[in-house]
Q: 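First the structure, which I've put down as structure tokens, then a few questions once you've had a look.
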2 protein chains.
Amino acid sequence: MESSSASRYTTVADVARLAQVSKAQAARALGGYGAVSDEVRSRVLAAAETLQYHPNELARSMNTGRSKTIGVVVGDIENPYFSLAMRGIYDTSKAGGFDVILINTGEDLATEIDAVNVLLDKRVDGMIVAPVTRSSSTHLNRVVDSGRPVVLLDRKLPSLPVDSVVAEMRQVSYEAARHLLDEGHTRVGYISSLDVGGVEFTLDLDLGTNPVTERLAGIRRAFDEAGVALPTDLIRLGGGKQHSIGDLVQALVTGPDPATAIVASDSVIALEALAELQRAGVRIPDDVSFLMFDELPWAGLMTPPITVVAQPVYDQGVAAAAILLRRIGGDRSEPEHLALPSRLIRRESVAPVGSAIVGASA
Amino acid sequence: MESSSASRYTTVADVARLAQVSKAQAARALGGYGAVSDEVRSRVLAAAETLQYHPNELARSMNTGRSKTIGVVVGDIENPYFSLAMRGIYDTSKAGGFDVILINTGEDLATEIDAVNVLLDKRVDGMIVAPVTRSSSTHLNRVVDSGRPVVLLDRKLPSLPVDSVVAEMRQVSYEAARHLLDEGHTRVGYISSLDVGGVEFTLDLDLGTNPVTERLAGIRRAFDEAGVALPTDLIRLGGGKQHSIGDLVQALVTGPDPATAIVASDSVIALEALAELQRAGVRIPDDVSFLMFDELPWAGLMTPPITVVAQPVYDQGVAAAAILLRRIGGDRSEPEHLALPSRLIRRESVAPVGSAIVGASA
DNA sequence: CTGAAAGCGCTAACAC
DNA sequence: GTGTTAGCGCTTTCAG
């Protein structure tokens, strides 16, 4: 029946007083460190109980220099990729006794730089960053200099000697392209939201190190091996930013030499592309074949079921967190670069080119 | 070209020394409070720059008692509902200068209690909680007692005098049920993951205050008004926990008097239900009509497009954060209970009952 | 084992 | 305006 009024937490001092011991002893009993007699410990714990004592983690962190908190910086938490990876990070961190501070950058570099600084200032014990594409690494150097571990998610920064966890993309993309080629598709469109500042794609354009670069490399190899020229005119970057996905799709399926297959670089793009195709009355796979990166529950339920490249997203989160925790624990070994296996799931959205006629006559 | 070695951050003391001023003056200049001459300020700022000074937010928080951080407790960040709401919370908090600590409870009460305590111990300035269904409010009382504001998301706790933000569900559910009834459906199945401990649903079962209760209330009213008995045997709770969604769906569409329409209480359930229906060869809407709560990009792209109840998820997040920030700012007015409008989006997954025959003969 | 006292890095009185 | 002196709540020497 205390009066309501807020403020003033009970501190170790309060507990110590009630338990009739020194502040230091109370703190030891409460914090579970140092030497304390059973007698004292129980008295202190009892006092803490009646006083409803809860430690001030801020004060504790200040002394120990460790906050039992990790920071996570992602581009867009609403994107299923990140929310699932986040779940993996979360589960693993929690199991290790760490809390998670989440920062969303909206895929903006300035925000990312800010985010990293904020986390550092809050003294997180380490962080996981999914860097915006084409960012440099200067802001992450500050983290490295601070001595706190970082692990990169979904991206590798060659200039930065830190751990990274990505999904294997080159090989699986090669397979995907082979599949398309096998079905007779040589006019394959590729839509990505990778921001390259609005320039057109060319073979010698440096996209930096990121999943898109890997995918394109795999696809290119398949085309090269097949002796087919990669249709660079159908590779469209900057989707959603410089250009609307709808317009991009529209452009791919019309024109004199249209794409016979479309590859969506992620599920968000796929959804918009699918909507546009439906709006335009373009049928899958009769008029155009469709393949997307990322497996989601709805992909197999569409009509037709969508062929996808599935990457182990949750596991990427788990792996990133596991490595980070190991580093926080003191592991000073060489940076590790994990590439988790992805796989192609063939469903029915990819069909032989020209099957529109077949379909119509069937 | 400093040597690598970690540790030891530069502090105000370091900056003060270099700038040849007192620690207090340096702190004032750095923190942007109190009175400082331009002369001193620039000297301090310059020193801070060369020393790469970054404030220790922990220390700052300890003195001010404010951490500029809010905590968010959700059931499952992987669920699109939460990740989108989180985005709303995030955007709003950030605009107000607050960071966000995310805690995921996995819809587990013990974890939720823990989460709330952790946040309190970390001295967050306030928190947003989407309480697990059917939880009591004792753990949240501690927050209220601490004097820090909480706002409830997607759930209202009558016993707790705090703000809440939910989506209006009773009216829109009434409309949805009306729609179903108008199409001739009286055998309407309802699948929810609401955990009621495995008991069967009956009309007098107390489900507590939560969206499901509201939905059922709205549906019931529509049935009552139409003079049709609510098919309580087709209302299945505990989906995903006590029973697999697939089994539940299977049970609804088979048996002597099967459901002619199925309502999925959220998108996760809908996806599993849809998969099961497809597996079982049950066609929508020919064999069974389908309606789901929550609008997602893929819903309209399915074949047929799914009729949904859309709730303003992002806006709920925004509203919750806005109220919280106002409270943190000192607003002591009466608790506010916001119910944002939802709406029924009619597409093609709901058709007149018995349209299977019509469809077959067409 | 226990207690007194000295900080962690910062802000907040309080004097000058 | 500026500097000095206390703390915030906890951990950590350092003596006993």
Q: Tell me: OH of A:Y9 to C1' of D:dC10, nearest whole Å?
A: 15 Å

Q: Whole angstrom is fine here: how far is it from NE2 in A:H54 over to P in D:dC10?
A: 12 Å

Q: Just by distance, with hydrogens left out, do A:Y9 and A:Q52 show a side-chain donor and acceptor under 3.5 Å apart?
A: no

Q: When you list every nucleotide of DNA chain C with an atom under 4.0 Å from a heavy atom of chain A, which one comes first 5' to 3', and which comes last?
A: C:dC1 to C:dG9

Q: What is the distance, to the nearest angstrom, from the NZ atom on B:K23 to the C1' atom on D:dG1?
A: 19 Å

Q: Tell me whether the side-chain N/O atoms of A:T11 come closer than 4.0 Å to OP1 or OP2 in D:dG9.
A: no

Q: Using five base pairs at each end, measure the axis-to-axis angle across the helix from C:dC1-D:dG16 to C:dC16-D:dG1 and round it to 10 degrees.
A: 40°

Q: State which of D:dG9, D:dG7, D:dC10 makes the closest approach to the side chain of B:M62.
A: D:dG9

Q: Any carboxylate oxygen within less than 4.0 angstrom of a Lys/Arg side-chain nitrogen, looking at A:K94 and A:D99?
A: no

Q: Among B:V144, B:V151, B:L157, exactly one meets side-chain contact (heavy atoms from CB on, under 4.5 Å) together with B:V162. Which residue is that?
A: B:V144

Q: I want to verify a distance call: between D:dC8, D:dG9, D:dT2, whose nearest atom is closest to the B:R28 side chain?
A: D:dT2

Q: Please evaluate residues A:R326 and A:E336 with respect to the criterion salt bridge (charged side-chain N to carboxylate O under 4.0 Å, His left out), reporting the C-alpha separation (whole Å), side-chain torsions for both, the decisive distance (0.1 Å), and the verdict.
A: CA-CA 12 Å; A:R326 221 180 53 216; A:E336 183 175 349; 2.9 Å; yes

Q: Within residues 31-53 of chain A, find the residues that approach DNA chain D with a heavy atom at under 4.0 Å, and present them sorted by residue number.
A: A:Y33, A:Y53

Q: Just the rounded figure in Å: distance from C1' of D:dC8 to CZ of A:R60.
A: 16 Å

Q: Taking 4.0 angstrom as the limit, do B:D76 and A:R87 come out as a salt bridge?
A: yes

Q: Mind calculating the distance between CZ (B:R66) and P (D:dG9) to the nearest angstrom?
A: 16 Å

Q: Would A:V44 and A:V15 satisfy side-chain contact (heavy atoms from CB on, under 4.5 Å), going step by step from the backbone distance to the final call?
A: CA-CA 7 Å; A:V44 169; A:V15 176; 3.9 Å; yes

Q: Hey, does the side chain of B:R41 reach the backbone of B:A29 with a donor-acceptor pair shorter than 3.5 angstrom?
A: no

Q: Taking A:R123 for its side chain and A:L120 for its backbone only, find out whether a donor-acceptor pair lies under 3.5 Å.
A: yes

Q: Looking just at side-chain N and O atoms, do B:S67 and A:K122 make a donor-acceptor pair shorter than 3.5 Å?
A: no

